[in-house]
Structures are given as C-alpha cells and as structure tokens.
Undergrad: 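Below is one structure. I have some questions about it.
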Amino acid sequence: MTALSVNLNKLALLRNSRGHNSPDLLHYAQRFIELGVQGITIHPRPDERHIKQQDAHELAHLLKDFPQIEFNIEGYPSEAFLLLVEACMPAQCTLVPDAEDQLTSDHGWDFTKHLETLRPIIQRLKNAGIRVAVFLDPELKQVELAAKSGADRIELYTEEFAREFSKDFSGKNADQVLSKYNEAAILAQKLGLGVNAGHDLNLQNLPSFLSIPAILEVSIGHALMIECIDRRH
Ligand code: PXP
C-alpha cells in the first residue's frame with residue numbers, strides 16, 4: 001500500500017499570516033492522524049515562512065506518541081537543517097536542492113554535480129538511524145547516480161506529470177510523461193531504491209500516477225488544503 005504523508009506547510013503558512021497559533025499545527029497533525037494518514041511531512045526553510053524550527057521540535061515530540069506515523073522532514077541539507085533533523089529524529093529525511101529564497105521545490109538533484117557532496121551527508125543521517133530519500137526528476141541517469149549515493153529512496157518530483165495530466169486529462173502527453181516516471185521508478189526499484197513521489201498530486205491525478213507499481217509514499221500538501229474546502233469531494 002502507498003502511504004500518504006500529509007505536508008503541513010500550508011497550514012503553517014496560514015497560521016503565520018495571523019501571528020497567533022491558529023490553525024494549531026499540533027491539533028491538525030493529530031486530526032490527520034485520526035483521519036488515517038500514515039505520515040506527516042514538514043519542509044522547514046531558512047526564513048521560517050511556514051514551518052518554524054519550533055514546529056519541527058513540537059511535532060517530533062507529539063509523534064513520539066504515534067510510533068506508527070512516519071515523520072518526514074524535507075529540505076536543503078545546510079548544517080542548520082541537518083542539526084534540526086538530528087535533534088528531531090524523523091523516520092525519514094528527504095533532501096531537496098532548494099535555493100534559500102525558492103518559492104517551492106521545482107527540480108530534483110543533479111547528481112552529476114552533487115554526488116560527492118551528498119554522499120557523506122546521506123551517510124551522516126543514516127548513521128543517526130534516519131532513512132534518507134533524495135528528490136529527483138524522472139531521469140534514468142539521475143536514478144543510476146542516486147543509487148550510488150547511499151540514499152534509501154528517491155522522491156520523484158511529480159510536477160511535470162501533474163501539469164500534463166491537468167492539460168489533457170490523461171491524454172497522449174500524460175501517458176508519455178507517465179511512462180517516463182514509470183521507467184524511472186522501475187529502474188530505481190531494480191537498483192534497490194524505494195520510490196516516493198510528491199508535488200502537485202491531487203485526487204484527480206493520483207489514481208493514474210499510482211498505476212506505477214510499488215510507490216511507497218506520496219506526500220501531499222497544497223491540493224489537500226484546497227480539497228478540504230471543495231465540496232465536490
Ligand atoms: N515534496 C517536496 C520535496 C516538496 O517540496 C513539496 C512541497 O512542499 C511536496 C512534496 C508537496 O507538494 P504539494 O504541496 O504540491 O502537494
């Protein structure tokens with residue numbers, strides 16, 4: 001079964017826009033758990049525009065009471081980020097090549113450039129007992145190199161799939177793009193990597209994406225918040 005990890009960034013953004021603790025992230029993390037999700041994801045950024053360092057610590061503390069829930073912290077592996085992750089001890093850390101001022105993640109790692117930098121970082125997190133995923137575009141070359149990085153999993157960046165899917169709703173291009181993701185996932189699995197996926201996944205495109213076998217986890221934030229206020233679902 002594919003695990004759903006809910007990304008809480010958007011709730012934190014809403015809270016920060018008012019300067020007091022509403023919506024309360026801890027309350028809604030528990031609410032998502034009651035609703036049956038398998039994981040909670042956060043993406044702390046250096047400017048703390050949504051998730052703050054304190055949120056990460058508080059969620060880590062809360063999730064100790066829910067050992068079945070996978071805590072996933074994603075972000076760019078600066079020293080400050082790595083120290084936060086080591087202090088919070090999530091089940092999984094997803095490394096993302098974000099610039100500091102980036103609006104949202106919009107590309108995967110280029111392992112032709114970053115393999116040697118990432119290898120010791122991945123090892124450091126694994127030594128601490130944290131599973132490591134690396135954010136990746138669906139490119140076979142990148143998958144091959146990711147397998148040499150020591151990462152346990154890749155997270156496929158699904159924006160391109162979601163864009164094609166919404167354009168022609170599972171038409172020709174969406175099928176072509178989906179088969180690119182399928183090939184990347186199958187190669188990753190052959191090379192011993194687990195496969196997660198995320199970005200712009202929603203209720204419409206998810207069933208099609210999950211025709212790819214053995215996707216272990218999807219992390220979803222943006223669409224989930226929209227779907228909460230869309231009465232058609
Ligand atoms: N995966 C990564 C690495 C992300 O940065 C994000 C957005 O924070 C997501 C998944 C979730 O994307 P969305 O909010 O579009 O569901």
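Predicted model, so just to flag it, every value in this text is computed and none were measured. One-based numbering, in listed order, for ligands and for the atoms of each.
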Undergrad: To the nearest 0.1 Å, how far is atom 12 (O) of ligand 1 from its closest protein heavy atom, and which atom is that?
TA: H199 CA, 3.4 Å

Undergrad: Taking the six-membered ring where the residue is Trp, are the ring centres of Y76 and F81 under 6.0 Å apart?
TA: no

Undergrad: Considering the heavy atoms of N9, write down every atom of ligand 1 situated less than 4.0 Å from one of them.
TA: 8 (O)

Undergrad: Check whether more than 12 heavy atoms from other residues, nucleotides or ligands sit under 6.0 Å from atom NE2 of H61, and answer yes or no.
TA: no

Undergrad: If you have a sec, work out which protein heavy atom is nearest atom 8 (O) of ligand 1 and how many Å separate them, to one decimal?
TA: N7 ND2, 3.3 Å

Undergrad: Got the closest protein heavy atom to atom 15 (O) of ligand 1, with its distance?
TA: D200 N, 2.8 Å

Undergrad: Are any of the side-chain nitrogens in D47 or K52 under 4.0 Å away from the carboxylate oxygens of its partner?
TA: no

Undergrad: How far apart are the closest heavy atoms of E159 and Y181, and which atoms are they?
TA: N-OH, 4.2 Å

Undergrad: Drop me the distance from R124's CZ to N127's CG, to the nearest 0.5 angstrom.
TA: 10.0 Å

Undergrad: Check K180 with E183, please: is the shortest side-chain N to carboxylate O separation under 4.0 Å?
TA: no

Undergrad: Identify the protein heavy atom lying closest to atom 16 (O) of ligand 1, giving its residue, its atom name and the separation to 0.1 Å.
TA: G221 N, 2.8 Å

Undergrad: For atom 5 (O) of ligand 1, which protein heavy atom lies nearest, and how many Å away is it?
TA: S105 OG, 2.5 Å

Undergrad: Using heavy atoms and a threshold below 4.0 Å, how should the contact between L201 and ligand 1 be classified: side chain, backbone, both, or neither?
TA: neither

Undergrad: Indicate yes or no: does R163 engage E160 in a salt bridge with an N to O separation below 4.0 Å.
TA: no

Undergrad: Under 4.0 Å, heavy-atom basis, I'd like to know which part of E74 is in contact with ligand 1: side chain, backbone, both or neither.
TA: side chain

Undergrad: Mark yes when over 12 heavy atoms from residues, nucleotides or ligands other than E144 sit less than 6.0 Å from its CD; otherwise mark no.
TA: yes

Undergrad: At a non-hydrogen distance cut-off of under 4.0 Å, which region of H222 contacts ligand 1 (side chain, backbone, both, or neither)?
TA: both

Undergrad: Please assess E48 against N16 for the test side-chain hydrogen bond (donor to acceptor under 3.5 Å, both in side chains), listing each intermediate value before the final yes or no.
TA: CA-CA 9 Å; E48 296 196 320; N16 295 355; over 6 Å; no

Undergrad: Kindly confirm or rule out an N or O of I220 lying under 3.5 angstrom from an N or O of ligand 1.
TA: no

Undergrad: Which atoms of ligand 1 are found less than 4.0 Å from any heavy atom of V96?
TA: 3 (C)

Undergrad: What are the atoms of ligand 1, with element, lying closer than 4.0 Å to any heavy atom of E155?
TA: 1 (N), 2 (C), 3 (C), 10 (C)

Undergrad: Residue-level breakdown please: for K10 versus ligand 1, do any non-hydrogen atoms fall below 4.0 Å on the side chain, on the backbone, on both, or on neither?
TA: neither

Undergrad: Give me the nearest non-hydrogen protein atom to atom 10 (C) of ligand 1 as residue plus atom name, then the distance to 0.1 Å.
TA: S219 OG, 3.1 Å

